[in-house]
2 protein chains.
Amino acid sequence: MAVSSEMIETRMSAFREACACRGVKVTHQRLEIYRELTSSEEHPDADAICQGVRNRVPTISRDTVYRNLKMLAEHGLISIVGMSHERLRFDANMELHYHFVCVRCGLIRDFYSQNLDNIDFPAEAVAFGDPVSLHLEVKGVCRTCRSLADSSS
Amino acid sequence: MAVSSEMIETRMSAFREACACRGVKVTHQRLEIYRELTSSEEHPDADAICQGVRNRVPTISRDTVYRNLKMLAEHGLISIVGMSHERLRFDANMELHYHFVCVRCGLIRDFYSQNLDNIDFPAEAVAFGDPVSLHLEVKGVCRTCRSLADSSS
DNA sequence: GTACTTGCAAATCGTTTGCAGTAAC
DNA sequence: GTTACTGCAAACGATTTGCAAGTAC
């Protein structure tokens, strides 16, 4: 939750505009779902988003959350993260970035790297077809899990 | 299915040995499941593996296939592939390699790259914890899907 | 007013599990 | 003989869908 409120409001305005552009109706639920996601750095799953939104919109149903997240992902307004086959997790950050994933607790954190941004599509991959995007994630043990392990040994 | 039969037999022997090492029983079904996977370059899902094995072991149940694949993955004898959240797909290739994934048809192909092997864990990722492994995939449109698109336009 | 959305409940689908019989070691 | 493995059927959990009522535009 280290996202500043100005940043959130900026993103909300951009979101309203993006919806208008696409003929997507700006409903209360949709706004709050997006706000919940864009306010978080945790890459929450549908259920966590639903819980969060219910603090403000107690009557929202899980289906609505699922439907909106799916639709927003199809419109390219959010993305689906997680290589693994756990439940779906979402990300409102659409800038070029990478993920650190903790193999113990499942934490996912964004990071940026100019070096990685500069990687060219490898010729070995280009041989299979036309590359579009390159995804990279670093798996490891996060600081929290590391200290837990240290203290118990 | 470009895997030579000598290669397959080599892998089967190694597999029998790996099972013996771990006290895992070498059952007919387990051998055929592994053979099916190691003979394929398609990164099949559980269902496709089941279909394939049934040509040789008609009575095998889907549960057995699921159970074995899961168990083999836990023992590190095979791996689970696919960043996406479709059904699970498996890979008997345990060498360091990368994937090309077709965004249209879901084709997954292995490729190798010395350049990518040499990538260091980025400092930005190390900040979050102790990195263990780095995964990379290239998404794109495969040759087959490209020609389909070309011919229909 | 119309088309898109919502909330509800029921369905779907891949995957997992409990159990009794069977096979590997 | 013991222990792990198989096949069956039933369960599971995340996600999706059909439908009637509600809301944005």
Side-chain angles (χ1 to χ4, degrees), chain A residues 12 15-37 43-51 53-54 56-75 77-90 106, chain B residues 12 15-37 43-51 53-54 56-75 77-90 106:
Chain A
M12 291 305 293
F15 178 67
R16 283 167 168 283
E17 210 166 311
C19 285
C21 264
R22 286 159 221 262
V24 169
K25 288 184 179 165
V26 179
T27 63
H28 184 206
Q29 290 89 334
R30 184 161 295 154
L31 283 173
E32 292 309 317
I33 290 166
Y34 186 79
R35 181 193 304 279
E36 187 67 25
L37 186 56
H43 306 81
D45 60 28
D47 215 58
I49 294 169
C50 191
Q51 300 301 326
V53 173
R54 278 192 174 148
R56 281 165 278 127
V57 190
T59 61
I60 197 167
S61 78
R62 192 164 304 182
D63 321 77
T64 300
V65 175
Y66 272 110
R67 252 188 295 234
N68 274 288
L69 290 170
K70 191 182 180 189
M71 192 261 266
L72 296 178
E74 280 162 3
H75 278 283
L77 296 174
I78 65 173
S79 59
I80 296 171
V81 303
M83 296 178 138
S84 52
H85 289 262
E86 348 161 83
R87 58 184 79 101
L88 295 168
R89 293 173 68 168
F90 301 88
Chain B
M12 291 305 295
F15 178 67
R16 283 169 168 281
E17 211 166 310
C19 286
C21 266
R22 287 158 220 261
V24 170
K25 289 184 180 169
V26 180
T27 64
H28 184 205
Q29 290 90 334
R30 182 162 295 155
L31 282 173
E32 293 307 317
I33 289 166
Y34 186 79
R35 182 193 302 281
E36 187 66 26
L37 185 56
H43 307 80
D45 59 29
D47 215 58
I49 294 169
C50 191
Q51 300 300 326
V53 173
R54 277 192 174 151
R56 282 165 278 127
V57 190
T59 61
I60 198 168
S61 78
R62 193 165 305 182
D63 321 79
T64 301
V65 174
Y66 273 109
R67 249 187 296 232
N68 273 287
L69 290 170
K70 191 182 181 188
M71 192 262 264
L72 296 177
E74 280 162 3
H75 278 282
L77 296 174
I78 65 173
S79 58
I80 296 171
V81 302
M83 296 176 139
S84 52
H85 289 262
E86 353 162 81
R87 59 183 78 104
L88 294 168
R89 293 173 68 170
F90 301 89

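If you're wondering where the values come from, they're calculated on a predicted model, not measured in any experiment. To find a chain, count down the sequence lines: A is the first, B the second, and so on, and within it residues start at 1. Any value given below was found using the heavy atoms of this structure, including those in side chains, with hydrogens, waters and symmetry copies removed.
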*Asks:* Tell me: CG of B/Leu31 to P of D/dA4, nearest whole Å?
*Replies:*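 Taking atom P of D/dA4 as the reference, CG of B/Leu31 is at 19 Å.
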
*Asks:* Calculate the interatomic distance between A/Arg87 atom CZ and C/dT15 atom P; express it in whole Å.
*Replies:*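 In whole Å, C/dT15 P and A/Arg87 CZ are 16 Å from each other.
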
*Asks:* Rounded to the nearest Å, what distance is computed from the CD atom of residue A/Glu32 to the P atom of nucleotide C/dG7?
*Replies:*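 These atoms are roughly 12 Å apart.
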
*Asks:* Locate the shortest heavy-atom distance separating B/Ala18 from B/Cys21; write the atom from each residue and the value.
*Replies:*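 Answer, listing the atom of B/Ala18 first, then B/Cys21: O-CB, 3.3 Å.
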
*Asks:* State which of D/dT17, C/dT16, D/dG7 makes the closest approach to the side chain of A/Arg67.
*Replies:*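 Selected nucleotide (nearest to the side chain): D/dT17.
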
*Asks:* Report the residue (B/Arg89 or B/Val26) whose heavy-atom-nearest nucleotide on DNA chain C is the more 5′ of the two.
*Replies:*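 Upstream on the strand: B/Arg89.
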
*Asks:* Mind checking the OG-CZ spacing from A/Ser61 to A/Arg54? Nearest 0.5 Å is all I need.
*Replies:*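 The CZ atom of A/Arg54 is 7.5 Å from OG of A/Ser61, to the nearest 0.5 Å.
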
*Asks:* Can you say whether a donor on the side chain of B/Asp63 sits under 3.5 Å from an acceptor on the base of D/dA9, or the other way round?
*Replies:*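 Present.
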
*Asks:* So what does A/Arg30 hit on the nucleic acid, given a heavy-atom distance under 4.0 Å: a base, only sugar-phosphate, or nothing?
*Replies:*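 Sugar-phosphate only.
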
*Asks:* From the options C/dC8, D/dT3, D/dA24, select the nucleotide whose nearest atom is closest to the side chain of A/Thr27.
*Replies:*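 Of all the options, the side chain of A/Thr27 is nearest to D/dA24.
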
*Asks:* Measuring from the side chain of B/Leu88 (C-beta onward, heavy atoms only), which nucleotide among C/dT15, C/dC8, D/dT15 has the closest atom?
*Replies:*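 Nearest listed nucleotide: C/dT15.
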
*Asks:* Rounded to whole angstrom units, what separation is found between the NE2 atom of B/His28 and the P atom of C/dT22?
*Replies:*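 Answer to the nearest Å: 18 Å.
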
*Asks:* In whole Å, I'd like the distance from the CD1 atom of A/Ile33 to the P atom of C/dT5.
*Replies:*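 In whole Å, C/dT5 P and A/Ile33 CD1 are 12 Å from each other.
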
*Asks:* Which pair of non-hydrogen atoms, one from B/Val53 and one from B/Ile33, has the smallest distance, and what is that distance?
*Replies:*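 Scanning both residues completely, I find the closest heavy atoms to be CG2-CA, 3.9 Å.
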
*Asks:* Do A/Phe90 and A/Ile80 come close enough that some side-chain heavy atom pair is under 4.5 Å?
*Replies:*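 Sidechains of A/Ile80 and A/Phe90: in contact.
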
*Asks:* Report the distance from atom CD of B/Glu32 to atom CD1 of B/Ile60, rounding to the nearest 0.5 Å.
*Replies:*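 B/Glu32 atom CD to B/Ile60 atom CD1 measures 8.5 Å (nearest 0.5 Å).
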
*Asks:* Does A/Tyr66 have a side-chain nitrogen or oxygen under 4.0 Å from the phosphate oxygens OP1 or OP2 of D/dT16?
*Replies:*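 Result: no.
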
*Asks:* Using the side-chain heavy atoms of B/Val24, tell me which of these nucleotides is nearest: C/dG7, D/dC5, C/dT16.
*Replies:*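 Among the listed nucleotides, the one closest to the side chain of B/Val24 is D/dC5.
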
*Asks:* Considering all heavy atoms of both residues, which atom of B/Ile78 and which atom of B/Leu69 are nearest to each other, and what is their separation?
*Replies:*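 The answer is CD1-O, 3.5 Å.
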
*Asks:* So what does B/Asn68 touch, heavy atoms closer than 4.0 Å: a base, only the sugar-phosphate, or nothing?
*Replies:*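 Sugar-phosphate: the residue B/Asn68, judged by heavy atoms under 4.0 Å, touches backbone atoms but no base.
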
*Asks:* Considering only D/dT15, D/dT17, C/dT15, which nucleotide approaches the side chain of B/Ala46 most closely?
*Replies:*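 The answer is C/dT15, which lies nearest to the side chain.
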
*Asks:* For the helix from C/dG1-D/dC25 to C/dC25-D/dG1, measure the angle between the helix axis at one end and the axis at the other, each built from five pairs, rounding to 10°.
*Replies:*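 End-to-end axis angle for the helix from C/dG1-D/dC25 to C/dC25-D/dG1: 40°, rounded to 10°.
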
*Asks:* Any side-chain N or O of B/Thr59 less than 4.0 Å from the OP1 or OP2 oxygen of D/dG7?
*Replies:*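 For B/Thr59, the contact criterion (side-chain N or O under 4.0 Å from OP1 or OP2 of D/dG7) is met.
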
*Asks:* Kindly point out which of D/dT16, C/dT17, D/dT15 is positioned nearest to the side chain of A/Lys70?
*Replies:*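 For the A/Lys70 side chain, the nearest candidate turns out to be D/dT16.
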
*Asks:* Closest approach to the side chain of B/Lys25, judged atom by atom: which nucleotide of C/dT15, C/dA23, D/dT17 is it?
*Replies:*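 Out of C/dT15, C/dA23, D/dT17, the nucleotide with an atom closest to B/Lys25's side chain is C/dA23.
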
*Asks:* What integer distance in Å separates B/Leu69:CG from C/dT15:P?
*Replies:*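 It works out to 10 Å between those atoms.
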
*Asks:* So, does A/Gln29 get its side chain near the phosphate of C/dG7, meaning an N or O under 4.0 Å from OP1 or OP2?
*Replies:*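 So the side chain of A/Gln29 is within the cut-off, an N or O lying under 4.0 Å from OP1 or OP2 of C/dG7.
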
*Asks:* D/dG7 phosphate, OP1 or OP2: any side-chain N/O from B/Thr64 under 4.0 angstrom?
*Replies:*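 Answer yes for this pair, as a side-chain N or O of B/Thr64 is under 4.0 Å from OP1 or OP2.
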
*Asks:* Restricting to non-hydrogen atoms, name the atom on A/Arg89 and the atom on A/His43 that form the minimum distance, rounded to 0.1 Å.
*Replies:*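 Between these two residues, the closest heavy atoms are NE-O, 2.7 Å.
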
*Asks:* Measure CZ/A/Arg16 against C1'/D/dA24 and give the value in whole Å, please.
*Replies:*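 Whole-Å distance recorded here is 12 Å.
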
*Asks:* Once you round it to whole Å, what is the distance between C1' of C/dC4 and CE of A/Met71?
*Replies:*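 Taking atom C1' of C/dC4 as the reference, CE of A/Met71 is at 9 Å.
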
*Asks:* How close do B/Arg56 and B/Arg35 get, heavy atom to heavy atom, and via which atoms?
*Replies:*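 Closest heavy-atom pair between B/Arg56 and B/Arg35: NH1-CD, 3.6 Å.
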
